[in-house]
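One-based numbering, in listed order, for ligands and for the atoms of each.
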Amino acid sequence: MTVVQIIHRSLQDLLLMKPQVFHDSRGFFFETYNERELAGLGIHYRFVQDNYSRSRKNVLRGLHYQIRQPQGKLVRVVSGEVFDVAVDLRRSSPTFGKWTGHTLSAENKHVLWVPPGFAHGFLVLSEWAEFEYKATDFYAPEHERTILWNDADLAIEWPLSAPPELSEKDARGPAFREAEVYSEPLLAPRPVAAVLDPPVQRSGSSPSSIPSPAVTTATRCRVCEHPIEPFMSFGQQPIAQVVVNPEESRAHFTYELKPALCASCGLFQLVDVPRPEILFNDTYPFFTGTSQLMTSHFRGWAEELLARVRGVRDPFIVEIGSNDGTLLSAVAERRVRHLGIEPAKSVAEAARQKGVTTLEAFFGQETAQRIRREQGPADIIVAANVIAHISSVADVAAGIATLLKDDGVFTFEAVSLADVIRNTEFDQLYDEHVFTFSVRAVCNLFQRVGLELVDVTREATHGGSLRYVLTRQGRLPVADTVAAALEEERHLGLEDAKTYQAFAQRCAEIRDGLRELLEKLHKQGHPVIGYGATAKSTTVLNYCGVDSRLVEFIADNTPMKQGKLTPGSHIPIRPPQAFAERNHEYTLLLAWNHRAEIERKEAAYRQRGGKWILYIPTVAVV
Ligand code: DWN
Ligand code: ZN
């Protein structure tokens with residue numbers, strides 16, 4: 001569709017366009033849709049459904065919208081004439097609550113782009129009208145909502161000559177004031193074609209099944225909607241845990257890894273985030289149980305949780321992101337009622353084999369309501385290294401508040417922002433870690449849903465994590481640990497932009513230092529082997545430009561990763577035996593958070609003079 005004129009931009013993001021029409025003696029021709037043209041206008045959505053209707057004069061259809069799976073619509077009239085209305089329902093938009101009306105007809109051939117987040121409707125002005133539109137998401141009746149067409153606050157000036165003909169549902173729509181609106185900002189997609197070139201190949205999910213938009217870009221904080229700006233960039237990065245089959249195409253999907261700090265609520269977040277379905281699916285290769293340390297850590301935590309519900313009748317423990325069931329298996333063994341929620345099939349299957357009841361789903365308000373309805377409220381909701389992975393974290397928080405029993409406890413662990421900044425753990429930043437939480441940001445986030453942070457403790461796992469305990473407001477006394485942690489963050493300057501500039505500078509120094517060291521060893525003819533094909537290593541290898549020239553292979557004990565190549569850098573991944581047999585002198589320790597365990601397992605390497613290359617907090621050979 002060659003757009004010859006943008007006629008109107010009456011509401012934020014809405015576009016009224018006039019396509020180029022070619023007339024000759026036979027009639028006329030015009031393109032009704034052209035992906036590239038629309039991308040040029042900033043419309044990067046993939047359209048998944050076309051709808052067509054015919055209606056008589058004075059029929060009014062609307063005002064319709066879907067509160068979840070919001071649909072963007074590209075609308076036009078094929079025959080006749082309508083008065084087409086869109087109402088902006090996005091609270092974060094400067095035109096929230098405003099309406100716009102346009103005449104669309106077969107004659108003027110105007111095309112209207114109604115972005116997701118708007119209610120839409122039309123009134124037929126001609127004897128009959130045929131109306132067609134493309135939608136960016138599927139029809140979902142359970143999420144469909146209506147606003148009363150003649151709501152007094154909206155005061156839409158329909159060009160009516162008689163009372164309109166309405167469906168029963170449309171005649172009974174709620175007033176705008178009572179209607180559900182979009183309280184979270186709807187993130188605009190980035191150009192999909194540019195980043196999917198050519199797309200990644202994964203077994204069981206063809207590239208074309210990657211839903212659009214592949215990457216969302218936040219210009220506002222995902223929780224408080226304050227504008228955000230990245231303070232640095234780690235460049236284009238592949239998906240951290242899509243290990244590549246050597247036989248398959250090596251071209252890969254990328255997104256730009258660039259973090260930002262919300263100056264209002266203190267939430268540290270990535271600006272660009274790939275869609276979760278691309279990350280967490282049937283080929284997700286991270287299994288908690290690959291580490292003895294993590295297995296015993298989760299066993300210990302499970303014991304603490306079981307102690308908390310001792311004496312409670314028929315307690316119910318829910319884990320969000322239950323992975324391979326390492327934590328819940330201890331609960332299942334005691335025959336305590338439990339439910340693991342895990343969207344990645346690969347690990348969910350492993351959990352079921354351990355006797356853990358597992359629901360394959362993403363967690364949010366909707367899943368929470370369903371579980372509460374079917375199984376009752378939870379005494380404990382637990383989550384390890386997952387809350388920070390979900391870009392719709394506000395919806396997750398709401399879901400937790402829904403599912404939790406009145407005197408229930410929500411406890412979770414996440415990598416600590418203080419540690420990431422203090423130790424320059426830049427490799428903790430990758431697609432899965434949408435957020436890196438500070439205590440302050442956690443307080444602000446959960447306060448919104450009536451949950452209070454009552455305790456926070458340090459855990460040594462993953463290079464420095466925090467374990468948070470929350471309850472409904474005022475249920476338990478707040479431990480001194482909370483004020484102490486907040487004070488420590490202030491002292492570290494976590495609210496200060498300069499802290500992040502200095503962090504960026506240190507990251508660049510590590511990148512240059514590591515690269516220099518690896519180049520030097522290469523020139524001297526020393527082979528370097530990597531240890532641990534971690535998600536973190538994807539950031540390190542791609543940011544520092546390290547490939548199989550500088551690191552011969554990476555040893556890893558995860559069967560699903562062995563025989564594959566690392567994402568982007570394409571370094572072969574081999575089982576730990578290959579490491580033991582290589583007889584080399586230098587190893588880049590990419591799983592540095594498991595250093596003690598790995599050094600113990602590979603004691604023979606040290607004994608024969610092997611050295612470890614570290615890069616956190618600075619580049620060192622030990
Ligand atoms: O948050 C996350 C954390 C919990 O786990 C996820 N987003 C993804 C994942 O991150 P990671 O891959 O950086 O985690 P790990 O635990 O540092 O990964 C360790 C890797 O090293 C695994 O691939 C297993 C491997 N390994 C090994 O080969 N031998 C680990 C140990 C302990 C070993 O002895
Ligand atoms: Zn914020």
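For residues 605-622, the set of pairs meeting the salt bridge (charged side-chain N to carboxylate O under 4.0 Å, His left out) definition, not counting sequence neighbours, comprises Glu585-Lys611, Glu599-Arg606.
A cation-pi arrangement, defined by a distance under 6.0 Å to the six-membered ring centre and an angle within 45 degrees of its axis, is present between Arg574 and Phe553.
Side-chain atoms of Cys265 and His226, non-hydrogen and from C-beta on, never get closer than 4.5 Å to each other.
Every N/O-N/O distance between Gln241 and ligand 1 stays at or above 3.5 Å. At least one N or O atom of Lys536 sits closer than 3.5 Å to an N or O atom of ligand 1. Ligand 1 has no N or O atom lying under 3.5 Å from any N or O atom of Ser291, backbone or side chain. Every N/O-N/O distance between Phe286 and ligand 1 stays at or above 3.5 Å.
The residue among Leu279, Asp556, Asn323 with a heavy atom at the shortest distance from atom 21 (O) of ligand 1 is Asp556. Heavy-atom proximity to atom 2 (C) of ligand 1, evaluated over His433, Lys561, His462, is greatest for His433. Which of Met294, Glu432, Glu597, His594 comes nearest to atom 16 (O) of ligand 1 through a heavy atom is settled by distance: it is His594. The closest non-hydrogen atom to atom 18 (O) of ligand 1, taken over Leu293, Thr534, Asp431, Thr538, comes from Thr534.
Tyr543 has its ring centre less than 6.0 Å from the ring centre of Phe426. Taking the ring centroids of His433 and His389, they lie under the 6.0 Å cut-off.
Among the backbone and side-chain atoms of Cys265, an N, O or S atom lies under 2.8 Å from the Zn ion (ligand 2).
Between the side chains of Ser291 and Glu597, at least one donor N or O lies within less than 3.5 Å of an accepting N or O.
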